[in-house]
*Asks:* 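Sending over a structure as structure tokens; questions will come in a sec.
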Amino acid sequence: MDSIDLAHLQQRVRWAYELGRMRRALLGVAPVLVIAAVAACVAQRPMSTVWFGLATAAAGAAMLWYGRDPQKAVLPGIAAGLVPLVLALCANQMHVCGPDGCSSLCVPACTLGGVVAGLAVAAVGNQRRAGIWFWFSASSLALLTGAMGCACIGYSGIVGLGIGFAVGAVPGLLRRAFAKKAS
Amino acid sequence: MGTDPNTLDALMARLADGDRGVFARVFELLWGPIHRLCVSLLKNDADASDAAQEAMHKILERASDYDKMRPAMPWAMALAAWECRTLTRKHTRRRETEAPIDELGGEHPEEAFVQRDLTAAAIAALGDLSEGDRETLVAAFWDEAASVSGATLRKRRERALTRFRKTWRRLYGLD
């Protein structure tokens with residue numbers, strides 16, 4: 001046993017542990033790439049969708065690799081972000097025409113989707129009494145996932161998504177903050 | 001064994017969650033028992049060290065997949081036993097284990113030879129069992145208290161032993 005350099009072995013094994021986590025993380029975000037590919041096929045601006053999809057996958061992989069609160073935020077964050085994504089992709093296929101001409105439903109759909117996503121993240125965060133890193137990670141992933149569809153008419157869709165998300169999430173966040181203070 | 005399984009279970013669960021702060025402690029808790037298991041199965045210090053290092057590599061590489069509902073030590077032991085089996089098979093294939101009987105040393109080299117063959121055969125038979133059965137038998141061998149105890153553990157051990165005997169009979173044609 002003396003002939004084994006345990007410090008070196010521990011270092012090697014630690015590296016294997018990190019690689020194992022990385023492999024698992026990459027497998028875990030594979031569905032995000034599928035979602036991004038499908039969304040890019042449907043979206044009007046596929047390049048934006050692809051870039052946001054890659055950013056979502058990279059952020060998700062980093063969170064899964066890191067573990068702890070960010071890891072637990074991946075599924076709720078992406079699931080919440082699917083609401084604005086689907087709404088925006090559906091809104092892409094229709095428009096409303098009035099006396100001043102026709103307009104896309106993308107921004108309202110993104111704002112509404114953002115509100116729902118914000119409420120969902122807040123509900124899960126409060127239910128789990130999660131820490132700040134959960135909130136931050138889940139919110140980032142929800143916004144990035146939603147942005148895959150909300151880039152439909154440029155950055156106004158993403159701004160709409162962000163405002164909607166804040167409207168949905170802030171009350172839950174405040175409730176948690178006050179509950180913490182009261183206890 | 002000197003290792004509190006509950007502590008190891010809790011630490012493994014934390015490591016699976018990504019808490020790197022417990023890595024060194026988990027390594028310390030696992031290394032001794034894994035190395036001893038490999039020595040007892042392979043009866044050769046050099047091979048045992050190789051197998052134990054490879055086993056530690058595999059165990060911690062798969063630490064993120066660790067199921068928190070199962071006791072950690074039998075899970076790790078089963079992986080180590082599997083590694084010993086792989087090494088034994090590799091050696092058998094390369095005929096590296098075919099040392100002359102007189103090189104085995106000791107007062108009764110023939111007995112040592114038979115013992116070594118029996119161990120290799122047992123490891124091979126163990127490898128044909130399910131992961132659950134392997135864990136149960138390895139835990140029983142090391143007297144590891146799993147998460148279950150009393151009648152449940154006894155029944156599980158009996159069932160695993162019955163399947164082990166069947167596998168033995170199928171592989172070697174005798175009891």
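Just so we're on the same page: letters track the sequence lines, and every chain starts at 1. Only this structure's heavy atoms are used, side chains among them; waters, hydrogens and symmetry mates stay out.
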*Asks:* Examine whether an atom of B:R20 lies under 4.5 Å from a heavy atom of chain A, and if so say whether it belongs to the side chain, the backbone or both; otherwise answer neither.
*Replies:*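 For B:R20, backbone and side chain are both near chain A.
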*Asks:* Is B:M56 close to A:R12 at the side-chain level, that is, under 4.5 Å between some pair of heavy atoms?
*Replies:*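 When only atoms from C-beta onward are counted, B:M56 and A:R12 do not touch, as no gap falls below 4.5 Å.
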*Asks:* Look at the side-chain heavy atoms of Ile, Leu, Val, Met, Phe, Trp and Tyr, link any pair under 4.5 Å apart, and say whether A:W65 and B:L60 land in one connected group.
*Replies:*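 As far as the 4.5 Å side-chain criterion goes, B:L60 and A:W65 are not connected within one cluster.
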*Asks:* Can you confirm whether A:Q11 is buried at CD, in the sense that more than 12 heavy atoms of other residues, nucleotides or ligands lie under 6.0 Å from that atom?
*Replies:*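 At most 12 heavy atoms, drawn from other residues, nucleotides or ligands, come within 6.0 Å of this atom.
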*Asks:* Please classify the contact between A:Q71 and chain B as side chain, backbone, both or neither, with a heavy-atom cut-off of under 4.5 Å.
*Replies:*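 Side chain only.
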*Asks:* A:W15 versus chain B, heavy atoms under 4.5 Å apart: side chain, backbone, both or neither?
*Replies:*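 Answer is neither: A:W15 stays 4.5 Å or more from chain B.
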*Asks:* To the nearest 0.5 Å, what is the distance between CG on B:D17 and CG on A:D69?
*Replies:*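 That separation rounds to 9.5 Å.
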*Asks:* Rounded to the nearest 0.5 Å, how far does CG of A:L6 lie from CZ of B:F27?
*Replies:*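 Separation between the atoms: 5.5 Å.
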*Asks:* Side chain, backbone, both or neither: which part of B:A16 has an atom under 4.5 Å from a heavy atom of chain A?
*Replies:*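 When you check distances to chain A, only backbone atoms of B:A16 fall under 4.5 Å.
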*Asks:* Under 4.5 Å heavy-atom distance to chain B, tell me which part of A:R14 shows up: side chain, backbone, both or neither.
*Replies:*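 Both parts, heavy atoms under 4.5 Å.
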*Asks:* How close do B:E61 and A:A16 get, counting heavy atoms only, and between which atoms?
*Replies:*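 Looking at all heavy atoms of both residues, the closest pair is CG-O, 3.6 Å.
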*Asks:* With a 4.5 Å heavy-atom cut-off, do B:Q53 and A:V13 have their side chains touching?
*Replies:*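 No; the side chains remain at least 4.5 Å from each other.
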*Asks:* Non-hydrogen atoms of chain A under 4.5 Å away: do they reach the side chain of B:I59, the backbone, both or neither?
*Replies:*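 Nothing of B:I59, per the 4.5 Å heavy-atom cut-off to chain A.
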*Asks:* Which heavy atom of B:L15 sits nearest to which heavy atom of A:R21, and what is that distance?
*Replies:*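 So the minimum-distance heavy-atom pair works out to O-NH1, 3.5 Å.
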*Asks:* Examine A:V83 and A:F52 and state if one hydrophobic cluster contains both, with Ile, Leu, Val, Met, Phe, Trp and Tyr joined whenever side-chain heavy atoms are less than 4.5 Å apart.
*Replies:*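 No.
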*Asks:* What are the two closest heavy atoms between A:Y17 and B:G18, and how far apart are they?
*Replies:*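 Minimum heavy-atom separation between A:Y17 and B:G18: OH-CA, 3.7 Å.
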